[in-house]
Amino acid sequence: MEAVITKEENVLTVAPRGRLDTVNSASLKEDIDKSEPKGLDILLDFTDVDYISSAGLRLLVALQKQVNETGNKLTVKNPGKVVREVFAISGFNKRLNIV
Amino acid sequence: MKLNIRRKLLILTGALSAALIFAAVFTSYLTFSSMSKNDMFKLCETTADETAAFLKEKYSGFFEKYASKIMEIYRSNVSELESVENPYESFKSYEERRAYYEQLTQDIFPATSGFGMSYESLELRNNYISVVQHLDLIRTAEQMDDAFIFLYDRERGNIVYLIDSTSDNSLTYHFPCSIEKPEESYRSHLGLPEKGKPETFFENDGCSSVDVLLDAEGTGTVYVSFGQVDERLRSNRKWFALSTLFIIFGATVVLAFFYLLFADRLIVRNVKKLTRATESFTSGLNSEEGPRLCSAGVDSKDELGELSRTVDLMQTSILGYVDTLACKTAEEEKMKAELDIAARIQREALPSGDFETDRLKLSSFLRPAKEVGGDFYDYFLLPDGRLFFYIADVSGKGVPAALFMMRSKELIKSLAASGKDLKTLAYEVNNALCEGNAEGLFLTAFFGIADMENGRLEYLRAGHEQPFLKRGNAVTRFSEEANFIIGAFDETTYESESESLAEGDQLLFFTDGLNEGIDKNEEAFGYDRIRAVMEGPSDRLPEKLYAALEAFTDGEDQFDDVTMLCLTVKRELHFTFNRQSYDDIPPVLDKVTEVLSDRDEDCVRRLGVILDELLNNCISYAFDGNPDPHAELIVRADEETAFIRLTDNGIPFNPLEYENDPPAEVGGAGIGIVRTLAEKTDYRRKNNENVLEIRASLNGSGPEAALV
């Protein structure tokens, strides 16, 4: 999974590109873990994400739990139309902080 | 003021009567006037003539003596007489004047009478009295206004009166020896004695006739004169005019009254009857009850009676016409309804909607013209699984074309179902249609048999428009080589051709109603516009073409049926999975995205989500603990939808059952997402395999409801 990850003060910005499907979600999780996100707010820039499947949703659940432990925040930024549809269908739009 | 006939007649009759009265009275008056004047003239003349004759015979001696005596007195007193008589006013009264003349003529008429008188005086006096009495008698009898005898002094122009028969007590009484100087005009009538006939003439105030009694040296000329004054005439005329006026006026009024009465009965009443009859007939025409005969009933033998009969005749004709019209309208409506039914039966005889096999999709489109048209098409699977289809156009329109079309359709269907190849089919259809085709109808057609086993289309084009083919982004047309039309000449032979079919190919078959649709400038839609539409997005092609045609013709009437068949060769992707590895998923998603790169991006993304969920599910569960895992995925796409079939050999498992379960963990949410994004989902267990079939839209706008 191609993703641009930048760390800035206490915010970890992750900008994945393409599909957040079964395989890519797993690799993106690894990439984020490598960036030592503990104690940081996570900003997911979904501008270039084509779509997300339930595997991607699992990743979001895992990240949300992770930030909750340290009292940090998870934010999803600028999701596309199909991503928003999936969020809506799965009820994630009510649980996630989407901007 | 409204001038109806009655009023006009009244005015006209009044005016005519007045004119008539005036003319009659005037003419009678003139005639009467002239006649009475003439009578007056003759009366005066006759009276003078007869009297003169009588007096000459009886009293000539007396007149000689008497005239010469008066002449004597006149001559000796002429200047005094002239001065006292002109004017009469020299005398204060009648008595004074009488005294004067008695004095003057006392020698002739002595004041003493009886025994003292000489015989001569007595005789003269007696004769004088008898002449006076005689004249008086004649004057009264003949209604003369004056009668007197006088001398005329031609030298001095004086009349010297001898006898005046009037017993007038006025100042102007002509005493014997009184004189008068008459007007020149009067004097001119006092002619010479040899005339022998009285001189009669009109004066200012009447008519006079004078005749000579005596003409002698000593006496001068003695005349007798009778006269009538106009006054009498005038009162006669006035009386006559009044009585004539009264009689003629009375007669005219009575006549006019009867005339008006007659005219009213003859004309006005009948005209009113006619008007009423026509009015009630007209109101009947416009009423709901409908028209009925309203006879005027004028049975006179004149023109109005004729008119009345003609009006009756006209009403009868109109009633007949109205009846016929009603019948015709009803017939026409019935016929129109039957034609509508025929058109509906004809349309319903054609299959509608889309026809699909695994590999092909055939969409049909027909917009009939107002009149029953001759376009038709049909398609069905042959027993060997090939798809037979055709599109055709019967020459002409209306019921003949529709009947010919139905006949052709049944013929083609039975021949095609019996497995004939296209050449034979066309040949036999042609021969059959040529039989008993007196109307000379024919059809153009494009027949096709699509065989997806070898990916070929066998076709036969009989005078029909060649189809368009869209392959990739290129739009081309089939070759122009064509067979002859069908139904014209029997024993015509036909040749078929073939073309290869590739995945994603789109073929458009159409009738000339499409390319020959015209706008208000009579410009045809044409092939280039069809091509331009086809070069755009390729979903729902017939609808897009028709919309383009409608926009082009911009409300102009559609003269011909617009019929289209669109054959799409679906794109098909096959994937096989034999191991439990998620790494097999990305290549599937990549390939699908690549093949459908010309489609709506979001639709393809939704398809990606569905495929990822299904494959994830299959690999996670169906392959779990499966010693020989196997799954097959087929993705077929036409222009509008994608069809997915996933077959696996795992334990029986219907993921769709878990749809409504709350997602205990996130993995359960996947099926819910699939259900929402897909148009249709279906699961079955077949041959110990799970078969999951999903249909997803390739041109929809997504699950809008989910975003609310």
Side-chain angles (χ1 to χ4, degrees), chain A residues 1-3 16-32 42 44-68 74 76 78-99, chain B residues 577 580-593 596-597 600-621 655 658-659 662-678 696-697 700-708:
Chain A
M1 174 83 197
E2 204 184 316
R17 291 178 67 86
R19 310 183 294 259
L20 268 180
D21 57 21
T22 308
V23 173
N24 289 344
S25 299
S27 69
L28 184 62
K29 180 74 169 74
E30 283 170 21
D31 291 345
I32 293 171
I42 297 174
L44 293 171
D45 185 349
F46 271 22
T47 307
D48 292 319
V49 173
D50 290 339
Y51 59 83
I52 185 167
S53 72
S54 55
L57 295 179
R58 271 199 297 280
L59 166 66
L60 293 182
V61 172
L63 288 175
Q64 184 70 57
K65 281 181 178 168
Q66 207 170 300
V67 294
N68 285 351
L74 175 71
V76 177
N78 203 18
K81 189 183 177 201
V82 178
V83 175
R84 276 185 284 125
E85 282 170 14
V86 172
F87 282 167
I89 295 162
S90 57
F92 269 59
N93 55 349
K94 287 169 188 149
R95 304 273 289 270
L96 283 175
N97 182 25
I98 301 167
V99 294
Chain B
F577 308 90
Q580 190 177 20
S581 165
Y582 295 115
D583 291 340
D584 291 338
I585 300 177
V588 174
L589 301 179
D590 287 342
K591 183 72 182 166
V592 168
T593 308
L596 298 179
S597 59
D600 181 74
E601 211 176 17
D602 283 340
C603 286
V604 178
R605 283 173 181 166
R606 288 185 200 107
L607 187 63
V609 175
I610 292 167
L611 286 170
D612 189 53
E613 297 296 347
L614 292 180
L615 292 174
N616 185 322
N617 203 53
C618 172
I619 291 167
S620 302
Y621 302 109
Y658 294 88
E659 172 205 359
E665 58 159 316
V666 177
I671 292 303
I673 293 169
V674 170
R675 287 294 300 232
T676 310
L677 294 180
S697 168
S701 55
E704 294 286 347
L707 288 176
V708 175

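So you know, we letter chains A, B, ... as the sequences are listed, proteins then strands, and number each from 1.
- Of the candidates B:Asp612, B:Leu589, B:Val609, B:Leu589 is the only one forming a side-chain contact (heavy atoms from CB on, under 4.5 Å) with A:Arg19.
- To the nearest 0.5 angstrom, B:Leu677 atom CG is 10.5 Å from B:Cys603 atom SG.
- No other option in B:Ile619, B:Thr593, B:Ile673 has as many heavy-atom pairs under 4.5 Å with chain A as B:Ile673.
- With a threshold of 4.5 angstrom between heavy atoms, B:Ile585 approaches chain A through side-chain atoms but not through N, CA, C or O.
- With a 4.5 Å cut-off on non-hydrogen atoms, A:Ile52 touches chain B through its backbone but not through its side chain.
- Here the closest heavy-atom approach between residue B:Ser620 and residue B:Gln580 is recorded as O-NE2, 3.7 Å.
- The contact between B:Asp590 and chain A is made by backbone and side chain atoms together, counting heavy-atom distances below 4.5 Å.
- Of the possible donor and acceptor atoms, one in the side chain of A:Ser27 sits under 3.5 Å from a partner among the backbone N and O of A:Asn24.
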